[in-house]
Asks: 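Take a look at the following structure, please.
As the structure is a prediction and not an experimental result, all values here were calculated from the model.
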Amino acid sequence: MKFASTLTATAIAALATTAGAETFRLNHNNPPDHPTHLSMQFMADRVAELTDGDIKIQIFPNAQLGTQRESMELVQNCALEMARSNASELEAFEESYSAMNLPYIFASEDHFNEVISGEIGQDILAASVDNGFRGVAFLTEGARSFYGQKPILSPADLDGVKVRVQPSPSAIRMVELLGGNPTPISWGELYSALQQGVVDAAENNPTALTTARHGEVASHFSMDEHTIIPSVVVMSNCAWDGMSAEEQEAFKTAAAEMQERHGVEWKKASDAAIEQAQSELDVAIHDVDKTPFVEAVQPMYEEVAAESDTVAELIERIQSSANGS
């Protein structure tokens, strides 16, 4: 594992030499037509515009420079300037993100948007500076729901079901409490895992059915909407500290514009994915009574809060902010 990481780091270092010191490489695991890629390209264009071309971002889709976890390790060690990860995987690198991963922590999408665009979101993005990197923006990926070969209309429907999850303690614990059998599998292997029955189900947003073609190997999508786990664009401390104050401000402006734009574009993409999954892939979309799901996962709140005063405070702040949404 260390040998593979060393090879990846060496290859990336070679790319850095080619790209030049003022070009930041941004790695992510989605295809070029994915909404997150398009939003990051928007940010790249704005950064170049606002810095008169002094700072450029070169985007590598489809995990060309490594998996999400490998990318984060490289960013943390200043071997890669930028990466797009998500709050689920980032909790292994910064505990604050685990508060965002709790099922049903957000009362609505409006509440979620308020959190990521306000003081709470900024505090979470800045929390990892002592760990070698900082978040620069959140990119919503909508609510995540279960999908597979049968409807999941209540926790009872997950009894004994092998559910692919991200390698996240929160995701694993959630599926355990709902009665399923959590099975961590990388994103790139999930299509074949569903096709071959290695797992019975997965959980993600509706675009997984179309952009990743999971609607070809899963016939039911159940809208339990258990989590809203955002993507996070992160940057190494080395890259951030190497910019001038003016360049940092330009970067903040571009990132904020990207985050706001992405929320609008994501809603369009999600709605279109549901329609396409139904009409072209014959996926059945099911409405779900969320109440039994909410009740089943309540132990997570006390468990997560007990592990960290910082996370406990964030949970309280996020829940309290729902009253104003």
Side-chain angles (χ1 to χ4, degrees), residues 36 39-40 43 72 75-76 82-144 166 168-171 173-174 205 225-235 237 240 248-249 251-267 290 294 297-298 300-325:
T36 57
S39 291
M40 288 186 289
M43 179 180 67
M72 282 309 306
V75 167
Q76 201 172 27
M82 300 181 69
R84 187 235 58 158
S85 187
N86 59 48
S88 185
E89 290 208 13
L90 280 172
E91 69 178 38
F93 296 87
E94 166 50 50
E95 65 177 5
S96 298
Y97 286 101
S98 61
M100 307 185 82
N101 297 331
L102 284 166
Y104 304 105
I105 185 74
F106 300 109
S108 64
E109 289 198 15
D110 286 342
H111 177 214
F112 167 80
N113 289 327
E114 177 185 316
V115 168
I116 65 169
S117 61
E119 183 179 344
I120 299 173
Q122 290 304 307
D123 287 348
I124 294 173
L125 290 176
S128 61
V129 170
D130 289 342
N131 295 328
F133 67 96
R134 68 180 62 231
V136 297
F138 292 103
L139 293 176
T140 184
E141 293 196 357
R144 298 173 74 98
Q166 298 181 84
S168 153
S170 295
R173 181 61 174 146
M174 176 190 71
N205 62 68
E225 299 181 321
H226 44 263
T227 51
I228 305 178
I229 296 176
S231 280
V232 187
V233 179
V234 303
M235 174 180 283
N237 286 351
W240 180 262
Q248 290 174 350
E249 284 304 312
F251 219 102
K252 289 178 182 178
T253 297
E257 291 177 1
M258 171 187 66
Q259 181 172 300
E260 182 176 0
R261 172 193 177 278
H262 182 78
V264 175
E265 295 302 314
W266 181 268
K267 182 69 168 67
K290 300 175 186 177
V294 174
V297 299
Q298 285 309 300
M300 284 187 69
Y301 283 75
E302 290 186 9
E303 293 169 2
V304 172
E307 293 178 359
S308 164
D309 291 340
T310 298
V311 177
E313 181 184 358
L314 280 170
I315 292 171
E316 183 178 348
R317 290 174 66 189
I318 292 172
Q319 289 181 314
S320 297
S321 69
N323 298 328
S325 299

Asks: Between the main-chain N or O of Phe138 and the side-chain N or O of Gln259, is there a donor-acceptor pair closer than 3.5 Å?
Replies: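 Side chain of Gln259 to backbone of Phe138, a donor-acceptor pair under 3.5 Å: yes, one is there.
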
Asks: Any ion pair linking Glu91 and Arg173 (charged N to carboxylate O, less than 4.0 Å)?
Replies: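 So Arg173 does not pair with Glu91 through a salt bridge.
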
Asks: Can you check side-chain contact (heavy atoms from CB on, under 4.5 Å) on Val136 and Met258, steps first, answer last?
Replies: CA-CA 10 Å; Val136 297; Met258 171 187 66; 5.6 Å; no

Asks: To check you understand the geometry: which heavy-atom pair defines the closest contact between Ser231 and Thr36, and what is its length?
Replies: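 For Ser231 versus Thr36, the nearest heavy atoms are OG-CG2, 4.4 Å.
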
Asks: Answer whether the closest heavy-atom distance between the side chains of Met40 and Leu139 falls below 4.5 Å.
Replies: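 Side chain of Met40 against side chain of Leu139, heavy atoms only: contact under 4.5 Å found.
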
Asks: Show the nearest heavy-atom pair for residues Gly263 and Thr140, with the distance to one decimal.
Replies: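 Looks like CA-CG2, 4.0 Å.
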
Asks: Could you go through the side-chain contact (heavy atoms from CB on, under 4.5 Å) check for Val115 and Ser321 one step at a time?
Replies: CA-CA 8 Å; Val115 168; Ser321 69; 3.7 Å; yes

Asks: Nearest 0.5 Å, please: how far is CD in Glu225 from NZ in Lys290?
Replies: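 Those atoms lie 3.5 Å apart.
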
Asks: What is the distance from atom CE of Met72 to atom OG of Ser85, rounded to the nearest 0.5 Å?
Replies: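 Between Met72 CE and Ser85 OG, I get 5.5 Å after rounding to 0.5 Å.
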
Asks: Compare all side-chain heavy atoms of Met100 with those of Phe106 and state whether any distance is below 4.5 angstrom.
Replies: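 Contact flag for Met100/Phe106 side chains = yes.
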
Asks: Do the non-hydrogen side-chain atoms of Gln166 and Arg144 ever get within less than 4.5 Å of each other?
Replies: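 Yes. Closest side-chain heavy atoms under 4.5 Å.
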
Asks: Any chance you could measure Ile228, atom CD1, to Glu141, atom CD, to the nearest 0.5 Å?
Replies: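 It comes to 12.0 Å.
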
Asks: Give, for atom CE of Met235 and atom CZ of Arg134, the distance between the pair rounded to the nearest 0.5 Å.
Replies: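 Going from the CE atom of Met235 to the CZ atom of Arg134 covers 9.0 Å.
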
Asks: If you compare all heavy atoms of Gln248 against all heavy atoms of Trp240, which two are closest, and at what distance to 0.1 Å?
Replies: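 Looking at all heavy atoms of both residues, the shortest contact is NE2-O, 2.9 Å.
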
Asks: Is the number of heavy atoms from other residues, nucleotides or ligands under 6.0 Å of Glu260 CD greater than 12?
Replies: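 Count not over threshold, so no.
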
Asks: Hey, is the main chain of Asn113 close enough, under 3.5 Å, to the side chain of Asp110 for a donor-acceptor pair?
Replies: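 Side chain of Asp110 to backbone of Asn113: no pair is present.
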
Asks: What closest approach, in Å, do Ala107 and Ala322 show between heavy atoms, and which atom pair accounts for it?
Replies: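 So the two residues come closest at CB-CB, 4.1 Å.
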
Asks: Side chains of Gln298 and Val294: closer than 4.5 Å at any heavy-atom pair?
Replies: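 Gln298 vs Val294: side chains touch.
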
Asks: Of Val232, Leu314, Val311, which is the lone residue that meets side-chain contact (heavy atoms from CB on, under 4.5 Å) with Tyr97?
Replies: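 For Tyr97, the side-chain contact (heavy atoms from CB on, under 4.5 Å) test succeeds with only one of Val232, Leu314, Val311, which is Val232.
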
Asks: In residues 124-131, what donor-acceptor pairs under 3.5 Å come from side-chain atoms, sequence neighbours left out?
Replies:
unit_1 : atom_1 : unit_2 : atom_2 : d
Ser128 : OG     : Phe133 : O      : 2.7
Asn131 : ND2    : Phe93  : O      : 3.1
Asn131 : ND2    : Glu94  : OE1    : 3.0

Asks: If we check side-chain contact (heavy atoms from CB on, under 4.5 Å) with Ser98, which of these qualifies: Thr310, Leu90, Val304?
Replies: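 For Ser98, the side-chain contact (heavy atoms from CB on, under 4.5 Å) check succeeds only for Val304.
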
Asks: Do Asn101 and Thr227 have side-chain heavy atoms sitting under 4.5 Å apart?
Replies: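 Answer no - side chains too far apart.
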
Asks: Run the numbers on Ile318 and His111 for side-chain contact (heavy atoms from CB on, under 4.5 Å), then give the verdict.
Replies: CA-CA 9 Å; Ile318 292 172; His111 177 214; 3.9 Å; yes

Asks: Where is the tightest heavy-atom contact between Val297 and Pro103, given as atom of each residue plus distance?
Replies: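 So the minimum-distance heavy-atom pair works out to CG2-CB, 3.8 Å.
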
Asks: How long is the straight-line distance from CD of Gln319 back to CD of Glu316, given to the nearest 0.5 Å?
Replies: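 Result: 8.0 Å between the selected atoms.
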
Asks: Does any non-hydrogen side-chain atom of Ile105 lie less than 4.5 Å from one of Tyr301?
Replies: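 Side-chain contact under 4.5 Å: yes.
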
Asks: Got a second to check how far Glu109's CD is from Trp266's CH2, nearest 0.5 Å?
Replies: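 These two atoms lie 10.5 Å from each other.
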
Asks: Please test Glu257 against Met43 for side-chain contact (heavy atoms from CB on, under 4.5 Å), starting from the C-alpha separation and ending with a verdict.
Replies: CA-CA 8 Å; Glu257 291 177 1; Met43 179 180 67; over 6 Å; no

